[in-house]
Amino acid sequence: WLFDAGPPSALSLPVLTPLFGFSAITAPEITAEFTEISEANWIFKKKIIKKADCTNIVMQQGVTFYNSDFWRWFMAGLTGNTSGIKFSLGPISIGLPILLGGYTPRRYLMLVQFFTRSPINISAGAEAAIEAGLFLTAASLTGGSLGLGALLEQAASAAVTAAAPGAFEFAARLPAKAWLLHQCLPARYKVGGDFDALSSAVSIAELEIAVEMVEEISLTS
């Protein structure tokens, strides 16, 4: 799970929406740059760490008609401006400056790794109750505008599909570790898989980002 951890500003939208998720994310890697010093008559060179560098991270996401997070962020970095007026956002961009993530394309991202299996055994009925409770909470926050009939229909649908992995599958898992990625900028954007009319594979878009610094978050870091 990777999401925009930068401070939100007025009328701003997150660069990466956690709702869409990712099919794969490469792990952060930090390398050290050394300088060598020859001391007197000692036969071995002494190595001293000079600086550190972080490798680029590649994020992969299934192509959908309603998600352009990768393209919007890449264009914001290319133009140096996150104002939504520069992009085709439809009627929302006419006369209304929507900022994509804030005033700068440089973003702070949080990468969270979850345990593969949940240590808590949640039954299908309990998961259905959780999803139904989330629907009811959403309705209460919106003043009950969803309507009682719609709530019951959504709750029944959640109970039927509880056995399959759903949008709240990650809720039952525990985070293993997290990393804060500082000053991220988009470096490469691939719009999707190569076009092949005979292929039945899902089209996967890629966004490669340059990371300035990686900060690990765990109990001992």
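Bear in mind that the values here come from a model prediction, so they are computed numbers and not experimental data.
Formation of a donor-acceptor pair under 3.5 Å by the Thr26 side chain with backbone atoms of Val58 is found in this model. Checking side-chain atoms of Asp53 against main-chain N and O of Thr55 turns up no donor-acceptor pair under 3.5 Å. Judged purely by atom type and a 3.5 angstrom limit, Trp73 has no side-chain atom pairing as donor or acceptor with the backbone of Leu16.
Val63 and Gly192 get closest at one heavy-atom pair: CG2-CA, 4.0 Å. Across every non-hydrogen atom of Met213 and Cys54, the tightest pair is CA-SG, 3.8 Å. Between Gln61 and Ser23 the shortest heavy-atom distance is N-OG, 3.9 Å. Annotation for Pro186 and Gly77: closest pair CG-CA, 4.3 Å, computed over non-hydrogen atoms. Of all heavy-atom pairs between Asn56 and Val211, the closest is OD1-N, 4.4 Å. Scanning all heavy atoms of the two residues, the minimum distance from Ile57 to Pro28 falls at CD1-CG, 4.0 Å.
Residues Val214 and Leu180 are not in side-chain contact: their nearest non-hydrogen atoms beyond the backbone lie 4.5 Å or more apart. Proximity of Trp1 to Met110: side-chain heavy atoms (C-beta onward) are nowhere separated by under 4.5 Å. Residues Glu215 and His182 form a side-chain contact, since some pair of their non-hydrogen atoms from C-beta on lies under 4.5 Å apart.
Under the salt bridge (charged side-chain N to carboxylate O under 4.0 Å, His left out) criterion, the residue pairs touching residues 16-44 are Glu36-Lys45, Glu36-Lys47, Glu39-Lys46, with sequence neighbours excluded.
Going from atom CG of Leu185 over to atom CZ of Phe74 covers 10.5 Å, rounded to the nearest 0.5 Å. Atom CD of Gln60 sits about 6.5 Å away from atom CD1 of Ile204, to the nearest 0.5 Å. Rounded to the nearest 0.5 angstrom, Phe70 CZ and Phe22 CZ are separated by 5.0 Å. Expressed to the nearest 0.5 Å, how far CD1 of Ile49 lies from OG1 of Thr35 amounts to 11.5 Å. Residue Asp4 holds its CG atom at 9.0 Å from SG of Cys184, rounded to the nearest 0.5 Å. Taking OG of Ser38 as the start and CD1 of Ile43 as the end, the distance is 12.0 Å to the nearest 0.5 Å.
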Inset, instruction - Using the side chain to side chain contact (heavy atoms under 4.5 Å, CB included) rule, take Trp71 and Val191 through it: C-alpha gap first, then chi angles, then the decisive distance, then the call. - result: CA-CA 8 Å; Trp71 179 81; Val191 299; over 6 Å; no
Inset, instruction - Take Trp179 and Gln113, measure what side chain to side chain contact (heavy atoms under 4.5 Å, CB included) needs, and give me the verdict at the end. - result: CA-CA 9 Å; Trp179 297 269; Gln113 179 190 18; 3.5 Å; yes
Inset, instruction - Decide yes or no on side chain to side chain contact (heavy atoms under 4.5 Å, CB included) for Val15 and Arg72, but give the supporting numbers first. - result: CA-CA 8 Å; Val15 172; Arg72 292 190 303 170; over 6 Å; no
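For the 3.5 Å distance criterion, the side chains of Gln183 and Tyr108 qualify, holding a donor opposite an acceptor.
Salt bridge annotation for Arg188-Glu208: present, with a cationic side-chain nitrogen under 4.0 angstrom from a carboxylate oxygen.
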